[in-house]
Student: 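So that we are looking at the same thing, I have put the structure below in structure tokens.
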Amino acid sequence: KNQVEQSPQSLIILEGKNCTLQCNYTVSPFSNLRWYKQDTGRGPVSLTIMTFSENTKSNGRYTATLDADTKQSSLHITASQLSDSASYICVVRLLLNTDKLIFGTGTRLQVFP
Amino acid sequence: NAGVTQTPKFQVLKTGQSMTLQCAQDMNHNSMYWYRQDPGMGLRLIYYSASEGTTDKGEVPNGYNVSRLNKREFSLRLESAAPSQTSVYFCASSPLLGGRYEQYFGPGTRLTVT
């Protein structure tokens with residue numbers, strides 16, 4: 001069964017600290033993996049997208065890694081800011097189906113001053 | 001550019017009532033999508049439209065109908081609302097279907113069916 005699992009479900013950190021969110025997937029065949037940020041009451045916004053051959057991608061203070069062999073990805077946030085408080089969703093696209101995205105349930109991050 | 005817009009933002013319906021959720025994009029994208037987001041679950045695809053004039057079922061199409069009115073607009077209709085359709089609905093668009101094309105999401109419609 002194609003699944004995307006994220007951990008932890010929720011995380012609380014202090015402003016300025018770093019954190020790492022995890023994503024494990026069993027999706028096959030794999031096309032690409034995306035990380036989205038979803039602020040409360042808003043739609044998801046893309047942070048990064050990685051294909052099979054890419055093992056790291058950065059977007060400012062956000063760095064995503066991908067290990068296609070172990071089917072794991074992580075999102076590292078450096079020097080967190082209050083505005084980083086949001087849900088972070090890992091999404092995997094199937095290779096064969098024209099537009100099948102498998103969404104994780106997200107990690108809820110709260111950054112406190 | 002407004003991106004993807006959705007109306008209404010909030011809606012309360014009684015069981016059996018009907019309504020249409022509206023979505024429009026101003027990015028000249030070919031493909032559009034409707035998702036629902038429920039607590040503890042990932043977003044699930046209801047219907048999508050690869051291009052103007054075409055629509056296809058997604059993962060959870062039962063109880064919904066869609067219309068791709070033109071290239072800009074894609075509406076979602078609930079003919080007879082049920083409490084199980086209480087959810088947050090997101091519309092999204094992308095330049096084309098599949099591949100690395102980014103999907104851009106609207107702000108969502110929070111629907112409650114009592």
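So that the names make sense, note that chain A is the first sequence line, chain B the second, and so on, each numbered from 1.
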Student: With the 4.5 Å side-chain cut-off for hydrophobic clustering, are B/Leu13 and B/Leu21 part of the same group?
Tutor: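 Same hydrophobic cluster.
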Student: I need the A/Ile49 CD1 to B/Glu102 CD distance, nearest 0.5 Å.
Tutor: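 The CD atom of B/Glu102 is 6.0 Å from CD1 of A/Ile49, to the nearest 0.5 Å.
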Student: What's the shortest heavy-atom distance between A/Ile89 and B/Gln37, and which atoms?
Tutor: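 Answer, listing the atom of A/Ile89 first, then B/Gln37: CD1-NE2, 4.2 Å.
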Student: Should B/Phe74 and B/Phe105 be regarded as members of a common hydrophobic cluster, given that ILVMFWY residues are connected when their side-chain heavy atoms come within less than 4.5 Å of each other, either directly or indirectly?
Tutor: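 No; tracing contacts between hydrophobic side chains, which count when under 4.5 Å, never links both residues.
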Student: Is it true that B/Leu45 and A/Val91 fall in one hydrophobic cluster, defined by side-chain heavy atoms closer than 4.5 Å?
Tutor: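 Shared cluster, yes.
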Student: Determine which residues belonging to residues 22-48 of chain A lie within contact range of chain B, meaning some heavy atom pair is under 4.5 Å apart, and list them by number or answer 'none'.
Tutor: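 A/Asn32, A/Arg34, A/Tyr36, A/Gln38, A/Gly41, A/Arg42, A/Gly43, A/Pro44, A/Ser46 fall under the 4.5 Å cut-off.
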Student: Are A/Leu101 and B/Gln103 packed together at the side-chain level, in the sense that at least one heavy-atom pair is separated by less than 4.5 angstrom?
Tutor: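 Of all side-chain heavy-atom pairs linking B/Gln103 with A/Leu101, at least one is under 4.5 Å.
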Student: Select one option (side chain, backbone, both, neither) describing which atoms of B/Tyr104 are under 4.5 Å from chain A's heavy atoms.
Tutor: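 Neither part.
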Student: Does a sphere of radius 6.0 Å around CZ in B/Arg110 hold more than 12 heavy atoms from other residues, nucleotides or ligands, not counting ones at 6.0 Å or beyond?
Tutor: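 Counting neighbours around CZ of B/Arg110, 12 or fewer heavy atoms of other residues, nucleotides or ligands fall under 6.0 Å, so no.
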Student: Are A/Leu21 and A/Leu82 co-members of a hydrophobic cluster defined by side-chain heavy atoms under 4.5 Å apart?
Tutor: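 Yes, it is one cluster - the side chains of A/Leu82 and A/Leu21 are joined through contacts under 4.5 Å.
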Student: Which pair of non-hydrogen atoms, one from B/Leu43 and one from A/Phe103, has the smallest distance, and what is that distance?
Tutor: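 Smallest heavy-atom distance, with atoms named: O-CD1, 3.3 Å.
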Student: Does A/Val4 share a hydrophobic cluster with A/Leu11, counting links as ILVMFWY side-chain heavy atoms below 4.5 Å and allowing steps through other members?
Tutor: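 Cluster IDs for A/Val4 and A/Leu11 match.
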Student: Flag the pair B/Arg100 and A/Glu54 as a salt bridge only when some basic side-chain nitrogen lies within less than 4.0 angstrom of an acidic carboxylate oxygen.
Tutor: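 Yes, B/Arg100 and A/Glu54 are salt-bridged.
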Student: Hey, which residues of residues 55-80 of chain A are touching chain B, say heavy atoms under 4.5 Å apart?
Tutor: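 Near chain B, by residue number: A/Lys57.
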